[in-house]
Amino acid sequence: MAIQTTSPARPRPRAASSGPSRLALSVALLVIACLVLGPLLILLRTALTPPDTFPLDGWEFTFDNFRTILASSELPTLLLNTAVYAFGSIIIGLVMAAWLAWLVERTDMPGRTFIRIALFTWMAVPPVILGFGWILLINPGNGILNALWSFFTGEAGPLTIYSMWALIFITGVSVTPTAFVMIGGLFRNMDPQLETAGFVHGGGRWAVARRIVIPLLMPGLLSVAIYVFIAVVQAFELPLIVGLTARIPVLSTRIYLLSTPDVGVPNYGLSAAFGILLLMIACLLMLLYFRVIGAGEKYKVVTGKAFHPRRVHLGPWAVPAFALSAVLVFLMVMPLLVLFWTSFLRFYELPTFDALTRMSLDTYREVLGRTAVRSAILNTVILVFASSIATMALASVVSWLATRGQGWLARALDVMSFSPMAIPPIVMAMAILLLYLRTPLYGSVMILIIGHITIYLAFATRTMSSALVQLHKELSDAAMVCGAGWWTTLRRIVLPLVWPQLLNGWIWVLAHSARDLTIPLLLMTNKNMVMSTVMWTLWDVPDLPGAAALSTLLVLALLLIVVPIQLWIARASERR
């Protein structure tokens with residue numbers, strides 16, 4: 001009888017874990033907590049310090065700063081102004097954005113591509129530059145539009161920049177491109193068969209719009225409205241440029257004035273208390289935003305069944321629709337045209353044939369010849385490239401760890417990385433100022449880089465997370481089986497697959513870092529001035545042609561970077 005020999009059973013090899021280790025998750029969570037929670041804890045500590053004391057002087061705690069705010073007669077005015085400003089701005093911005101989005105996405109209007117490109121690229125224009133341009137347009141004394149009114153009617157122009165309504169209108173125009181991008185997706189992804197079914201059952205255009213289209217769009221429109229409302233509540237540049245002269249205080253400018261007064265000692269305690277108040281309002285709005293997003297799940301109508309968007313035939317209304325859309329775009333371009341005109345003059349003058357003969361490049365030569373301006377340009381280059389590269393590198397690692405990790409560490413990392421979205425930039429700038437006030441980082445470009453990494457991390461992580469969740473887990477599993485660690489997998493496999501989103505996020509952070517005034521202005525010293533703070537200083541002198549020349553150079557530089565890369569990404573994606 002044959003004897004069958006069997007080798008002893010060997011234990012099965014343990015499957016390689018494709019997720020990141022707890023150590024990697026813990027280190028990433030610690031880094032994000034230091035960036036986000038560290039400044040906020042110092043902000044809270046400062047708000048609890050006794051009045052007329054500097055941050056971290058002693059360990060005494062008091063609620064006197066909050067009592068002063070609640071008992072102040074200016075608090076109702078600040079809250080009312082902030083609410084009126086935000087509500088008015090989103091009404092104008094949403095109406096303009098919805099109109100343009102419907103024409104571009106759902107009709108056969110000619111020139112749709114031009115309108116879309118113009119609105120996408122317009123997001124690279126700094127709000128501070130828009131404020132400068134609108135002041136030159138509708139200033140009561142020498143505004144161009146008021147001068148034209150006087151020329152044709154012989155009466156004084158009726159427009160004024162220094163009013164709440166002007167501030168609302170300018171802000172509404174400035175948020176239109178962002179709202180257009182968000183609303184455009186709602187129109188683009190709505191199945192036209194639903195409208196067709198309504199027409200088949202005897203509904204007219206108004207009945208179908210009221211019973212089908214508007215209810216389907218309402219959750220999305222409401223979420224966009226809340227998002228824009230949050231952005232306007234947190235806005236700082238336009239309320240600073242227009243609101244201070246018009247004596248229209250809002251919460252963001254009040255925080256700035258308390259921390260950097262023209263005369264006297266900064267009141268950091270009261271400024272920090274106002275910052276906590278604004279932070280609480282922003283957090284409540286963010287909770288409302290997420291609640292609306294969650295409620296919108298039941299309105300999803302785009303499924304695996306394919307559909308082809310049906311465009312409305314405008315017929316004879318096509319040309320008037322494009323003309324009106326072009327007028328709205330021109331309305332947004334007007335401030336840049338005024339600054340472009342002013343930059344070629346030695347002194348600000350109204351556009352006339354006589355002034356045309358005095359146009360030259362002397363202002364550009366003079367501005368670029370200043371040592372402070374050249375230093376600011378160098379600091380700007382360092383700031384925008386360092387902050388954008390560091391932000392996207394950190395966001396890529398954090399998003400990968402959060403999406404591939406498991407347990408409470410991964411969830412905490414995801415929530416912590418998104419939390420800066422609820423923190424107003426002026427509040428974060430104030431918190432960073434208090435944290436690094438007595439360190440060697442204060443007054444350096446590095447503190448500006450840290451500030452931009454912190455406030456732009458939320459957008460960067462959302463951009464990368466939305467791309468990473470589309471990658472199947474088996475890609476990382478295969479890499480791990482072949483012996484690759486999580487870092488090698490991220491670098492060699494994942495990032496090459498999501499490079500369009502990575503590049504898009506990098507461009508967004510770079511453009512917003514260059515256009516930002518909040519962080520550089522609140523943390524400004526003679527050593528870390530950038531182009532936005534130099535423009536503000538020149539405007540405040542006032543050196544209007546110098547500020548206009550720098551504004552023109554900054555806009556051209558941003559457009560030369562953003563537009564070609566966006567076109568290259570679009571063509572590369574189509575080839576793929």
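Along the sequence shown, residues carry numbers from 1.
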Taking every non-hydrogen atom, the tightest pair across A547 and M535: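 Nearest pair, atom of A547 first, then M535: CB-O, 3.8 Å.
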Donor on one side chain, acceptor on other, D540 and T537, under 3.5 Å: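 Absent: no donor and acceptor within the cut-off.
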Test item: side-chain donor near acceptor, Y456 and S387, under 3.5 Å: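 Result is no, nothing qualifies.
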Ring geometry between F344 and F340 (parallel below 30°, tilted from 30 to 60°, perpendicular above 60°):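 Taking F344 first and then F340, their aromatic rings stand perpendicular (interplane angle over 60°).
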Parallel, tilted or perpendicular: rings of F169 and W134 (30°, 60°):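 Geometry flag for F169 against W134: perpendicular rings.
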Main-chain N/O of L538 paired to D543 side chain as donor or acceptor, under 3.5 Å: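 No; judged by distance alone, with no hydrogens or angles, the pair does not exist.
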I'd like to check [X] versus [Y] (side-chain heavy atoms, cut-off strictly below 4.5 Å). Are they in contact?
{"X": "L328", "Y": "W99", "value": "yes"}
{"X": "V445", "Y": "V530", "value": "no"}
{"X": "P126", "Y": "V555", "value": "yes"}

Neighbour count above 12 (heavy atom, 6.0 Å) for Y256 OH: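 Yes, because the 6.0 Å sphere around OH of Y256 holds more than 12 heavy atoms from other groups.
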Spatial distance of atom CD1 (I519) from atom CE (M428) [nearest 0.5 Å]: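 Between I519 CD1 and M428 CE, I get 8.0 Å after rounding to 0.5 Å.
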Nearest-0.5 Å distance that lies between atom CG in L130 and atom CE in M332: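 If we round to the nearest 0.5 Å, L130:CG and M332:CE are 8.0 Å apart.
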